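Here is the structure we will look at, set down as structure tokens.
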Amino acid sequence: MRKINKICCIGAGYVGGPTMAVIAKNCPEIQVEVVDINQKRIDLWNHENLDLLPIYEPGLKEIVGETRGKNLFFSTEVDKAIEEAEMIFISVNTPTKTYGKGKGQAADLKYIELCARNIAKVAKTDKIVVEKSTLPVRTAGAIKSILDNTGNGVNFEILSNPEFLAEGTAVDDLMNADRILIGGDETESGQKAKDTLSWIYEHWLPKERILQTNVWSSELSKLVANAFLAQRVSSINAVSALCEKTDANVAEVSKAIGHDSRIGSKFLNSSVGFGGSCFQKDILNLVYIAKSYGLTEVADYWEQVIIMNDYQKRRFADNIISTLYNTVSGKKICFYGWAFKKDTNDTRESAAIYVADALLDEQAQIVIYDPKVSEETIYSDLDYLGTRSPEENRKLIKVVKDPMDANKDAHAIAIMTEWDEFRAYDWKAIFENMLKPAFVFDGRRILDKDKMDSIGFKYYKIGQS
Ligand code: UDX
Ligand code: ADP
């Protein structure tokens, strides 16, 4: 094992930013440099007002405030940081491909490849390269091949160290990780590299929680962990549809099955559908890999998790349309929440985008309030779908900063994100503000049915008749 003095992380996003901040906090003797090609993002990481950091995570600004300028640095000087560091984390984005072979399923590795080529070009001393982005199995091999064949003759050890942090709880997940997975070559130098990375995490985590595997197991475990979690959400969402047709209540069913210690209670909350940058992407990746090995049944099995999730979003939108007398044309529908879950400003793959799209197809007018998501993000999410022109999206959609402005004269409210503040609203006042009959479609099951009924709302709760 070798002690490390300087770390560099390429990619100052949702993964790179919080992960490096936590490493810097726990390893004061290590200098951590986070680099990105996006100048605007780096400027925000360096902004003196910590409320303007590009990523919102509870507890993050405190850690950045404590470490920035001491042993945590943000810059766009990618080459310099690579050259100086002994260990390089790659945390660039790996979106699903939108073109060519594997379109819509495979991960787009162009950013990773560019990174690897850059490291090869710049590095003049031996480096440990850690893949932190979610990558399809066997990517480490591709990175190694690029580094070894285009490098300056220095030695590269490639490790896979998948990130299991969930957004909204990133800092806590990093500080108290259930497990850290480190995959590397089963050679002497590979073992040394794994121990070196393990040493970093041992600064704050017990050694038993740090698991070492071969590279392929580590890469595959990340995809499989997310596929299993997403599968639980799709399973309970499938049950929610059944509950709505019967007298069963999905929360009671979840509780009843979750008490079985073999099943466990987590990830059994029925919702309008899972979102986020990982679940769908990782499952599509798993599906793509299975197909590429001719494992059709395996691919179909996992694809069903996505099909069920799409069905849930569509079902929610269809229910709004049919309940509002089969037409939402010109009707004002208020969306509470746009983020894919509470406590984050991330909207990637958020169910709200797809539900809004379905309602806009029916010419609804949507007024959106989310405590953390900007107007610019909401418009760009819809523009990105390409269903309508940007002008049309701006005509049909309004984004407001005051939650009471959103419900004024609305026909219905759709709760898309489980923000705590929504529970605390004065729902009587909201009822007064709306057109009658006033509908609430609770896609997150956050409100009390009896209370909503007693106020006079026509209240629909996902998973309950
Ligand atoms: C996930 C994994 O949890 C994390 O380990 C991995 O590193 C990245 O992907 P994240 O996408 O941040 O994290 O959020 P997560 O809390 O897992 O939620 C994903 C989606 O599932 C959200 O839209 C959430 O609202 C939804 N969900 C989650 C449910 O609908 N019901 C549940 O019971 C749990
Ligand atoms: P994630 O959720 O995986 O962290 P993000 O999109 O939030 O993904 O962050 C990835 C970051 O990586 C972006 O800020 C992007 O600008 C940066 N990035 C992509 N390619 C490179 C590169 N070659 N060099 C430096 N930064 C890069």
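Counting starts at 1 for both ligands and their atoms, in listed order. Quick caveat, the model's predicted, so the values are computed rather than measured.
Shortest contact from atom 18 (N) of ligand 2 to any protein heavy atom: Val92 CG1, 3.6 Å. Val15 N, 2.9 Å is the protein heavy atom nearest to atom 4 (O) of ligand 2. Protein heavy atom nearest atom 17 (C) of ligand 2, with residue, atom name and distance: Asp36 OD2, 3.2 Å. Closest to atom 12 (O) of ligand 2, if we only count protein heavy atoms, is Gly11 CA, 3.4 Å. Nearest to atom 23 (N) of ligand 2 among the protein's heavy atoms is Cys115 SG, 4.0 Å. When only non-hydrogen protein atoms are considered, atom 2 (O) of ligand 2 lies nearest to Arg348 NH2, 3.2 Å. Among protein heavy atoms, atom 6 (O) of ligand 2 sits closest to Asn93 CB, 3.6 Å. The protein heavy atom nearest to atom 22 (C) of ligand 2 is Ile37 CD1, 3.8 Å.
Those atoms of ligand 2 with a heavy atom of Gly13 less than 4.0 angstrom away are 4 (O), 5 (P), 7 (O), 9 (O). Heavy-atom proximity to Ile10, at under 4.0 Å, picks out these atoms of ligand 2: 24 (N), 25 (C), 26 (N).
Both tests do not hold together for Lys132 against Phe89: distance to the six-membered ring centre under 6.0 Å, angle to the ring axis within 45°.
Asp300 and Gln304 share no side-chain donor-acceptor pair at under 3.5 Å. With no hydrogens or angles considered, a side-chain donor-acceptor pair links Glu202 and Ser198 at under 3.5 Å. Under 3.5 Å, the side chains of Thr169 and Asp172 contain no donor-acceptor pair of N or O atoms. A donor and an acceptor atom, one from each side chain of Asn393 and Tyr379, are nowhere located under 3.5 Å apart. Residues Lys342 and Thr344 bring no donor and acceptor atom of their side chains to less than 3.5 Å of each other. Side chains of Trp45 and Asp36: no donor on one and acceptor on the other come within 3.5 Å. If you check the side chains of Asn407 and Tyr369, you find no donor sitting under 3.5 Å from an acceptor.
The distance criterion of under 3.5 Å between nitrogen or oxygen atoms is met by Arg41 with respect to ligand 2. Not a single N or O atom of Asn38, backbone or side chain, sits closer than 3.5 Å to an N or O atom of ligand 2. Of the polar atoms of Val35, none of the N or O atoms is found under 3.5 Å from an N or O of ligand 2, judged by distance alone.
Atom OH in Tyr111 sits 15.0 Å away from atom CD1 in Ile90 (nearest 0.5 Å). Taking CG of Leu72 as the reference point, atom CD1 of Ile7 lies at 10.5 Å (rounded to 0.5 Å).
Ligand 1 is surrounded by Glu163, Phe164, Leu165, Ala166, Glu167, Lys222, Asn226, Leu229, Val233, Phe267, Leu268, Asn269, Ser271, Phe274, Gly275, Cys278, Phe279, Phe340, Lys341, Arg444, each with at least one heavy atom closer than 4.0 Å.
Under the 30°/60° scheme for interplanar angles, the aromatic rings of Tyr336 and Tyr425 are found to stand perpendicular.
For Ser277, the heavy-atom gap to ligand 2 stays at 4.0 angstrom or more.
With a 6.0 Å radius and a threshold of 12 heavy atoms from other residues, nucleotides or ligands, Lys25 has its NZ atom at or below the threshold.
Aromatic rings of Phe422 and Trp427 (six-membered ring for Trp) have centroids beyond the 6.0 Å cut-off, not under it.
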